[in-house]
Number of protein chains: 2
Amino acid sequence: MKGINMIQLAKELGLSVSTVSKALGDSHEISASTKKRVNELAKKYNYKPNPFASNLRKKKGKQIAIIIPDIVNNFFALAVDGIEHVTMAKNYDTFIYLTHESLEREKALLEHLENGLISGLIISVSSGREGYGHFQEFYENTKLPMVFFDRVPDLLQFPKVISNNYESTFDATARLIKAGCKRPIFFSTQEPLFTNMERIRGFQAALSSAGLLFSEDMIVKCSYDMDQNYSALRKIFLSKKRPDGVFASIEKFAISLYQVCKDLEVNIPRDVKVIGMNNLRTAALLSPSLSTVSQPSFNMGKEAATLLLKMIEKKTYAAANDIIVLKNELTIRESLHA
Amino acid sequence: MKGINMIQLAKELGLSVSTVSKALGDSHEISASTKKRVNELAKKYNYKPNPFASNLRKKKGKQIAIIIPDIVNNFFALAVDGIEHVTMAKNYDTFIYLTHESLEREKALLEHLENGLISGLIISVSSGREGYGHFQEFYENTKLPMVFFDRVPDLLQFPKVISNNYESTFDATARLIKAGCKRPIFFSTQEPLFTNMERIRGFQAALSSAGLLFSEDMIVKCSYDMDQNYSALRKIFLSKKRPDGVFASIEKFAISLYQVCKDLEVNIPRDVKVIGMNNLRTAALLSPSLSTVSQPSFNMGKEAATLLLKMIEKKTYAAANDIIVLKNELTIRESLHA
DNA sequence: TGCAATTACGAAAACGTTATAGCGGAAAAC
DNA sequence: GTTTTCCGCTATAACGTTTTCGTAATTGCA
């Protein structure tokens, strides 16, 4: 029974299309008995309203989009899981788009999505602080609800879901120092992301509150290319001023670090103490087990999606430049203390 | 300039809507000069054709869907990455749906997608061999192109992208035996998936070709609940007939195994040798480093998407119950030899 | 020069919904 | 007993495209 539509349903029921439409929409204008008749026949024929026709007419649909830099990263995978958890429950269809850290791709995507395909947008940005114009422009052009999570454009007024990066990095760095580090370094992203800046702030604050001096070369900017990271780290650990502590703000970089240390026979934690910020399920099984600050990724996704759907359905929710802050979790393992 | 449409464009150009539509579609009926005029004005107003109207009229769109059991699993994340790589390039929008290993969810999803939202489907099934009816039914009802990858319904005639599970499991098992294992066990999925059965076949064949006896209790069915796996494995490793080798056919299970061995102080590889089938980026960094059979996940996704888009666009591609087989890669690390 | 073929466009009918306005008839109100 | 209200339903016009068919003007061909 391919492609049965409302018109055929109406004909068979001896009703008008409008009545059928309203019946299926559970309108109060329609009597219970006809509603029943309509729904039964619809079920019998396995009738499914055509979403294109419906969206076209209503100028609104139940489709949203996720834009993230990367999916091969436990943090984002978990976040997507969280998002899907709520969109699924509310019968929304979810597009996924990956930017692979490319600002160009991100811009192109947003421009594409101005066609009206979606009714809302969940984003984790790939661009630095200077490159936020396209988000604002997208919003001006579409007025669509948007929620940012984790990597948020701090300078723009949009609802955001983040975690307490400043505090947790402060705490983690303090632990490194307490464990004896005099010269910890910080693995940073290339782009000047807000998330990353907050972490750097936490790092610096912890240093200064312990009476240690911060210097620019403590911030190591990592590339998105694993090989390049490997050689950069190798160079650092072969240099004279070898660091004795590392806060690795990104999943990939912790992995590269472990490889370098293994190859150079730099002992963790004796020679260098490490805390990584990530959601690796294998953190506890690494050699040595990796101390981590892990983000509540699943819940961040969940919160972001819940907020977005609220905005779309405008139940009670009005303006929206809320910022929801969830807590990261610090887990100390062997990479800090032998 | 929110929501400019063809009608307004046509009006401003002094042309009819049909001419504008054809011009934008680069129809041969339209002169080069008017095409140019139309395109320029369209660009000026940042005009984007409404996909709902267009899809409704054409009864076809540029949206496809991915249905997978899980995204928090490097294999699937990489596959999605591969899929997105090609859909992106061809300007398709990609929905993502997660079944979380639930046959019910899978069925509900397929039923939902009968509404015509998508033009094609890429699937990795969550159901066992007996539960394939819904795929067939979906196809009958929609006639939509579908491509399966990795976890494929072997009994149905659909195009598939898989990896050489039989051979690579055979080889891996042979290596376990060669390293001295007399009583290796196999960590299997709950559901009787084809993928898994192929691996078991390879396992058995390797045993028998080495003159070892296979017994049913060598197959350990694992749950999707990590805690449950932990206790099950614990029990096995506390029993008298402790295995001396493991082939872990699923990512999660290798992780549980490492935890159990760590806690019980069972030494890998001295007491038990391990090869895991997964795409963990941290495999080399585990303690001891984990020998793996890794699947070409990214490429599997890429191939599946390429095939699907070919089918959708029916360029030269006609029927399609192709099976594309890619090769897994065996990497031996410390978990096999100290 | 005469006729067919081609070129470049327009009118109008789809595609399958939803929303607005309206309309009989019955119940309620005066 | 007339007017008003409400109930349950229908007719019809959108929503923004694409496509089919038609047509006037131009070109090609003999």
Engineer: Below 4.0 angstrom from OP1 or OP2 of D:dT18, is there any side-chain N or O of B:Ser21?
Structural biologist: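 Affirmative; the distance criterion is met.
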Engineer: Rounded to the nearest Å, what distance is computed from the NZ atom of residue A:Lys11 to the C1' atom of nucleotide C:dG16?
Structural biologist: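 It works out to 13 Å between those atoms.
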Engineer: Rounded to the nearest 0.5 Å, what's the gap from CE on A:Met146 to CG on A:Leu307? Could you check?
Structural biologist: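 Spacing of CE (A:Met146) from CG (A:Leu307) equals 13.0 Å.
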Engineer: How do B:Ser16 and A:Ile7 order along DNA chain C: which one's closest nucleotide is nearer the 5' end?
Structural biologist: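 Between the two, 5'-proximity favours B:Ser16.
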Engineer: Nearest heavy-atom pair of B:Ala23 and B:Asn39: which atoms, and what distance?
Structural biologist: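 Result for this residue pair: O-ND2, 4.4 Å.
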Engineer: Between B:Thr19 and B:Ala53, who's closer to the 5' end of DNA chain C by nearest nucleotide?
Structural biologist: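 This one resolves to B:Thr19.
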Engineer: To the side chain of B:Leu15, which of C:dA19, C:dG10, D:dT17 is closest?
Structural biologist: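 Of the options given, the side chain of B:Leu15 lies nearest C:dG10.
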Engineer: Looking at A:Lys107 and A:Glu137, does any basic side-chain N land under 4.0 Å from a carboxylate oxygen?
Structural biologist: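 Looking at A:Lys107 and A:Glu137, the cut-off is not met.
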Engineer: Measure the distance from CG on B:Leu117 to C1' on C:dT17 and round it to the nearest whole Å.
Structural biologist: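 My rounded result for the distance is 15 Å.
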Engineer: Quick one: does A:Lys59 reach the base of D:dG16 with a side-chain donor-acceptor pair under 3.5 Å?
Structural biologist: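 Checked by distance alone, the answer is no.
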Engineer: Less than 3.5 Å between a donor and an acceptor, one on the side chain of B:Ser18 and one on the base of C:dA11, is that the case here?
Structural biologist: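 Present.
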Engineer: Across the strands shown, which category fits B:Ser31 at heavy-atom distances under 4.0 angstrom: base, sugar-phosphate, nothing?
Structural biologist: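 Answer is sugar-phosphate: B:Ser31 comes under 4.0 Å of backbone atoms only.
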Engineer: Quick one: does any side-chain atom of B:Asn73 pair with a main-chain N or O of B:Phe75 as donor and acceptor, under 3.5 Å?
Structural biologist: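 Yes, because the side chain of B:Asn73 sits within donor-acceptor range (under 3.5 Å) of the backbone of B:Phe75.
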Engineer: Just the rounded figure in Å: distance from P of C:dA19 to CG of A:Asn55.
Structural biologist: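 In whole Å, C:dA19 P and A:Asn55 CG are 12 Å from each other.
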Engineer: Nearest whole Å is fine: how far is C:dT17 C1' from A:Lys48 NZ?
Structural biologist: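 After rounding, the reported distance stands at 16 Å.
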Engineer: Please confirm whether any donor atom in the side chain of A:Lys22 sits under 3.5 Å from an acceptor in the base of C:dT20, or the reverse.
Structural biologist: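 Answer yes: a donor N or O sits under 3.5 Å from an acceptor.
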Engineer: Can you tell me if B:His100 has over 12 outside heavy atoms packed within less than 6.0 Å of its NE2?
Structural biologist: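 Count over threshold, so yes.
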Engineer: Check the phosphate of C:dT17 against A:Ser54, side-chain N and O only, distance under 4.0 Å to OP1 or OP2. Yes or no?
Structural biologist: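 Checking A:Ser54 against C:dT17: no side-chain N or O falls below 4.0 Å of OP1 or OP2.
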Engineer: Take B:Glu29 and A:Arg57, find for each the nucleotide of DNA chain D with the closest heavy atom, and name the residue whose nucleotide sits nearer the 5' end.
Structural biologist: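 Mapping each residue to its closest nucleotide by heavy atoms, the 5'-most match is A:Arg57.
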Engineer: For the pair made of CG in A:Leu56 and C1' in D:dT17, what is the distance, rounded to whole Å?
Structural biologist: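 Whole-Å distance recorded here is 8 Å.
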Engineer: Grab the NZ-C1' distance between B:Lys58 and C:dG16 for me, whole Å please.
Structural biologist: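 After rounding, the reported distance stands at 17 Å.
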Engineer: How would you label the contact of A:Gly116 with the nucleic acid (heavy atoms, under 4.0 Å): base, sugar-phosphate, or nothing?
Structural biologist: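 The residue A:Gly116 makes no contact with any strand.
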Engineer: Could you give the CG-to-C1' distance, from B:Leu13 to C:dG10, as a whole number of Å?
Structural biologist: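 From B:Leu13 CG to C:dG10 C1': 14 Å.
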Engineer: Measure the distance from CZ on B:Phe52 to P on C:dT18 and round it to the nearest whole Å.
Structural biologist: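 After rounding, the gap between these two atoms is 14 Å.
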Engineer: Does a nitrogen or oxygen in the side chain of A:Asn50 sit under 4.0 Å from OP1 or OP2 of C:dG16?
Structural biologist: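 Checking A:Asn50 against C:dG16: no side-chain N or O falls below 4.0 Å of OP1 or OP2.
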